[in-house]
Each structure stands twice: as structure tokens, then as C-alpha cells.
2 protein chains.
Amino acid sequence: MASQTEENYLKSLFNLANPQGEVNISDLANQMQVSMPTVNSMVKTLQKSGWLIYEKYKPVTLTSKGQKEAALIIRKHRLTEMFLVNKMGFGWEEVHEIAEQIEHIHAPKLFERMDEMMGFPTIDPHGSPIPDKQGRIQEINYLSLSKIKAGQTVILAALANSSTEFLEFLNSRNLSLGTELHILSKEAYDHSIVVSYLNHPGETLSEKVCEKLLVQILDI
Amino acid sequence: MASQTEENYLKSLFNLANPQGEVNISDLANQMQVSMPTVNSMVKTLQKSGWLIYEKYKPVTLTSKGQKEAALIIRKHRLTEMFLVNKMGFGWEEVHEIAEQIEHIHAPKLFERMDEMMGFPTIDPHGSPIPDKQGRIQEINYLSLSKIKAGQTVILAALANSSTEFLEFLNSRNLSLGTELHILSKEAYDHSIVVSYLNHPGETLSEKVCEKLLVQILDI
DNA sequence: CAATTATGTTAGATGAATCTAACAATATAC
DNA sequence: GTATATTGTTAGATTCATCTAACATAATTG
């Protein structure tokens, strides 16, 4: 069984993996906020337990065992976030820190009960998919709002970033998942977008914000 | 802030304290399932942080800061147990192990929400008092069923032991908190008791069981 | 392609929480 | 009240997760 520290490395490895599944030591060190030698010794440990493949001076790759383990931790994290929002009345900006701790609890029944009580949700409060019990993750390919042409109507489906600051920004603009957005115009100079939704007739969203808003095109 | 390990020592110290608040090193070692030298070095650490008073070759005593900290951890444990039973449908025999992990979560709002959702309960699923937010614990002096005379009627109010085995025994006999018990007779030889309750007209309870059943006398 | 920059590794140290072996103090019991 | 048993302490080692300093390899770039 992986220690809490090891679990956090697995999660970071999973999230940092490029399309080939590779992760650089320096990126991992940066993500984990530890020094590179620390990562170096930890990847050796993780390799010994069969969680990843490591060769000197090469990026590391999770084994399928490691990928599954990571996905199951992410499953616990996302189920917890959804439970806190749906069953305990938390705001979507409050749940990450708590889920970060609860994801390490070893109690299968606890997470099964959460899942059951919520009717087996497939996404978390930020629109990210919840891996299933086998650690399989359903990849949904949303589009970034920054890629949408003026005139189109879309539904806000997920967020590419779920930092508290970003979530609080969205709260201040009354933006939540499921909101229908009409793209009124795009500014060529700074790539900002003007949208209308609900009782917001013309809200300007910067490129930085648009990149993080993942949407589905509404075909009417 | 105390580490998870330190929190467990504080909790054990709180539970093992005699009426003078003293705890022996050997009892603590036994409770924590570690060696005495380990406890010896840990009590020195805990003293440096002001959680307890330690003098060579003397039993240790929690400071009031240490007592409060311990009570607040126990508060989180008991709130969690109650939440798992009342809001998530767990049996009283299933919750200890989970609460043992969740009690170390640092998230005041999580426990405040649990408390709120349950209407601020004062006891946990095993009848033990839940310390308040200031770490004050309301001492309730129930009587052990083994001390009750034949002919009396009592209400099962709490348990002096909450091991899974004992709770499963009680489940098998349909005994739960709030059950009204009529003491039919006491056996002088082995101190067993015959009680009637619900649809159990004559159930014999051994002395060992009676000692762990804490009751209130029903004055009619 | 050689020089520079970025990335990765080794060696050695540290603090936390644990252990065993050996020793010391206190308590108990004839 | 000494001998024995219980309880507590010291010393020294171990494992985990971390660090810094120094060095090595790989990648980038003029």
C-alpha cells in the first residue's frame, strides 16, 4: 500500500503525464514543491514497488498498476468534492483542500456510500470526470471557450483550472456549470470575448479566463 | 500543530488519564502499541510543545492546552461517527475505523457542517458525549447494568466499550441505545442477569456484558 | 560543434517515529 | 529491609521523506 506521500506523487505523475505518459523529474519536483534529489530518490522507491518505470536521465512513466492506483485516488478526491457540494452544501471553491485530505482515507465503503447517495455521478463539481471503480477514466473532449467563434451558443461544461481564485472570479460573475453563453464578439487584439448569459447582457472575459472555460457547442 | 502521530498520543493520554490526570509510560506504550523508549522520546517531544508535563520516572499529565487539543480531536471523531450513522446509513459497528482516520482532517468547516446537519448532537452512536467547540466535555454518570437490582426498569444509554465484536453481539441480540430493559433476575453465582425487552421475553446477559452496558434508571 | 543552460544524479546530512539491548530507579513482597 | 519484579531511561540503529552542495548528462543556441 502506498504511503500518503507516495499517493501524492502518483496523483501528480498522473496529472503531469504527456500524451506518451512521460513526466520530467523537474516538473514533478515543481508540482510537488520538493527538490529534484527528493524526487530522484522517490521515483526509485516508486519503481521498486512497481508503480512506475524509471531509467537514469529519462522521463518516468507510470505502469498500468500505477495509473490505476492514481485514478482511484483521483476518484476518491472527486467523489468527495461532489459529496461536499451536493450533500453538505459547500461551494465549489471550498472543497478542493478538504478533498485533498479525504482522498487518502482508506475506507472503500465510505466512498461507495457517497457514490450511492449521489446516484453515481460521472463528473465532479468542476466538470472533471470521476474515474470508475476500476480506475478507468472517461475522457471527454470539451472545447476551450477561446476557440469558439462569435455568434455561437455554448454551455459551460467544465473548467481547465479549479483554483480557489478562479472559482471565486466565476462566482462573482454568476458563472456556473450548465450556464448557456452567447458569444457576442471576439476582440482580435487581446482575444477577449464578450458574452451574454442569464441577466448579464454583455460580460467581457479575458483570454486567460476563456482558455480555462470548457464548453459544449449547443446545436439547436 | 500536532502531527497525526502526536494527535494519537494526545487522544490516548486523554483516555488513559486517572482521576488525577496521570498516565504511566507503560500504559501509554501498551495503548499505542509501541515500545516504552518510543513513548519516552515522544513525551519529551510533547512536553517541548507544551502538551504535557513530564518529569523523569513520574507519570505524565496533559496540560490544559493538551487536554483541550485531545478533546477537540475526540470531538471530530465522535461527530464523524454520528454523521456516518445518521446521515450515511452506516451501522454503529462500522464507524470507528473510519472516524479514526477522519478525526485527523484539518477542516473546521467540515465538522461544523456535520454538526449543523445533525442538529448539534451531544452524544455519539455509542452514547459517549461529544466535546463542545471549546473542548469541554459534559460528564454523564450512567450506571453499569451490573449494578442494578432485579425488578428495576432501565434505558440503555451508552456503552463502556465499543469494540466491533461487542457491537456485533448487541446487534445479534437486538440491543440498541434507548432500549427499555426490565431486569427480571440476577444470578448470585456468576452475576449474570436475565432481562426482557421488545420481543425478547427473557435474555440472559453475562456479567462481562452487563458491565459494559451503561443505563439510566427509569423512574415512573 | 563548442559553449552555455537546463535537467538529472550522487553523496551526505537532518528530523520524525520507530526499534532493540543494556542499564537505572522505583515498587512489591517475602 | 534486602531481593525481586516492575517500570522507566539511555544509547545507538533504522526507515522515510526531506534537504544542500557538488557533480554529470542532455539539450539549446550562437
Side-chain angles (χ1 to χ4, degrees), chain A residues 1-18 20-62 66 69-70 73 100-101 103-104 106, chain B residues 1-18 20-62 66 69-70 73 100-101 103-104 106:
Chain A
M1 198 169 56
S3 71
Q4 201 150 312
T5 306
E6 288 173 322
E7 287 191 350
N8 284 328
Y9 277 91
L10 292 177
K11 215 174 28 136
S12 291
L13 282 159
F14 191 94
N15 289 326
L16 292 173
N18 69 14
Q20 289 78 53
E22 298 167 336
V23 180
N24 292 329
I25 303 295
S26 68
D27 292 345
L28 188 51
N30 185 55
Q31 174 78 15
M32 293 295 297
Q33 291 285 287
V34 299
S35 68
M36 287 211 296
T38 298
V39 170
N40 182 271
S41 77
M42 181 53 85
V43 296
K44 287 174 181 170
T45 303
L46 290 172
Q47 182 182 42
K48 276 181 201 133
S49 307
W51 302 116
L52 53 74
I53 305 297
Y54 164 69
E55 280 178 89
K56 260 195 188 185
Y57 294 108
K58 294 207 177 145
V60 298
T61 315
L62 282 177
E69 186 72 7
I73 298 160
E100 204 70 6
Q101 298 177 64
E103 70 192 6
H104 300 295
H106 294 290
Chain B
M1 200 168 54
S3 71
Q4 203 151 309
T5 306
E6 288 174 320
E7 287 191 350
N8 283 329
Y9 276 91
L10 291 178
K11 217 175 27 136
S12 291
L13 282 159
F14 191 93
N15 288 326
L16 292 173
N18 68 15
Q20 289 79 55
E22 299 168 336
V23 180
N24 292 329
I25 302 296
S26 68
D27 292 346
L28 188 49
N30 185 57
Q31 174 78 17
M32 293 294 298
Q33 291 285 287
V34 297
S35 67
M36 287 212 295
T38 300
V39 170
N40 182 272
S41 79
M42 181 52 85
V43 297
K44 287 173 181 171
T45 304
L46 291 171
Q47 183 184 40
K48 276 180 199 131
S49 308
W51 301 115
L52 54 74
I53 304 299
Y54 165 67
E55 281 176 88
K56 258 194 188 185
Y57 294 109
K58 292 206 180 150
V60 299
T61 314
L62 283 176
E69 188 72 7
I73 298 159
E100 205 69 7
Q101 298 177 64
E103 71 191 6
H104 300 295
H106 294 289

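Proteins come first, then strands; the chains are lettered A, B, ... in the order of their sequence lines, and each starts at number 1. Quick caveat, the model's predicted, so the values are computed rather than measured.
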Chi angles and distances behind the side chain to side chain contact (heavy atoms under 4.5 Å, CB included) call for B/Leu13, B/Leu46: CA-CA 11 Å; B/Leu13 282 159; B/Leu46 291 171; 4.2 Å; yes
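- Distance CD (B/Glu22) to C1' (D/dG8): 15 Å, rounded to an integer number of Å.
- Going from atom CD1 of B/Ile73 over to atom CZ of B/Phe14 covers 10.5 Å, rounded to the nearest 0.5 Å.
- Atom pair B/Asn30:CG and D/dT6:C1' shows a separation of 14 Å (rounding to whole Å applied).
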Full working for side chain to side chain donor-acceptor pair (under 3.5 Å) between B/His104 and B/Glu7: CA-CA 8 Å; B/His104 300 295; B/Glu7 287 191 350; 2.6 Å; yes
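- The nearest whole Å value for the distance from the NZ atom in A/Lys56 to the C1' atom in C/dT10 is 8 Å.
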Report all interatomic pairs (protein N or O, nucleotide N or O of nucleotides 20-25 of chain D) with separations under 3.5 Å.
none

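- Taking only side-chain nitrogens and oxygens, B/Ser26 comes nearer than 4.0 Å to OP1 or OP2 of D/dG8.
- Put simply, A/Asn40 has a side-chain N or O that comes within less than 4.0 Å of OP1 or OP2 on C/dT9.
- Of the two residues near DNA chain D, A/Thr45 and B/Val23, the one whose nearest nucleotide lies more 5' is B/Val23.
- A close approach under 4.0 Å does not occur between any side-chain nitrogen or oxygen of B/Lys58 and OP1 or OP2 of C/dT26.
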Name every donor-acceptor pair, under 3.5 Å, that has one atom in a side chain of residues 29-44 of chain A and the other anywhere in the protein, sequence neighbours excluded.
residue	atom	partner	partner atom	Å
A/Gln33	NE2	A/Asn30	O	3.0
A/Ser35	OG	A/Thr38	N	3.4
A/Ser35	OG	A/Thr38	OG1	2.9
A/Asn40	OD1	A/Lys44	NZ	3.3
A/Asn40	ND2	A/Tyr54	OH	3.4
A/Ser41	OG	A/Thr38	O	3.2

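- Closest approach of B/Ala70 to B/Leu10, counting heavy atoms only: CB-O, 3.6 Å.
- Taking atom CD on A/Glu55 and atom P on C/dG8, their separation rounds to 14 Å, with Å as the unit.
- Look at B/Lys44 and you'll find a side-chain N or O under 4.0 angstrom from OP1 or OP2 of D/dT10.
- Close to D/dA17, at under 4.0 Å from its OP1 or OP2, lies a side-chain N or O of A/Ser3.
- Between B/Ser12 and B/Leu28, the shortest heavy-atom contact is CB-CD1, 3.7 Å.
- Here the closest non-hydrogen pair linking A/Val60 and A/Ile25 is CG1-CD1, 4.1 Å.
- Of the residues in residues 4-18 of chain A, those placing a heavy atom less than 4.0 Å from an atom of DNA chain D are A/Thr5, A/Tyr9, in numerical order.
- Between B/Glu6 and B/Met1, the shortest heavy-atom contact is OE1-O, 4.2 Å.
- The separation between B/Ile25 atom CD1 and C/dT26 atom C1' is 14 Å, rounded to whole Å.
- Rounded to an integer number of Å, the gap from CG of A/Leu28 to P of C/dG8 is 10 Å.
- To the nearest 0.5 Å, atoms OG1 (A/Thr61) and CD (A/Gln47) are separated by 10.5 Å.
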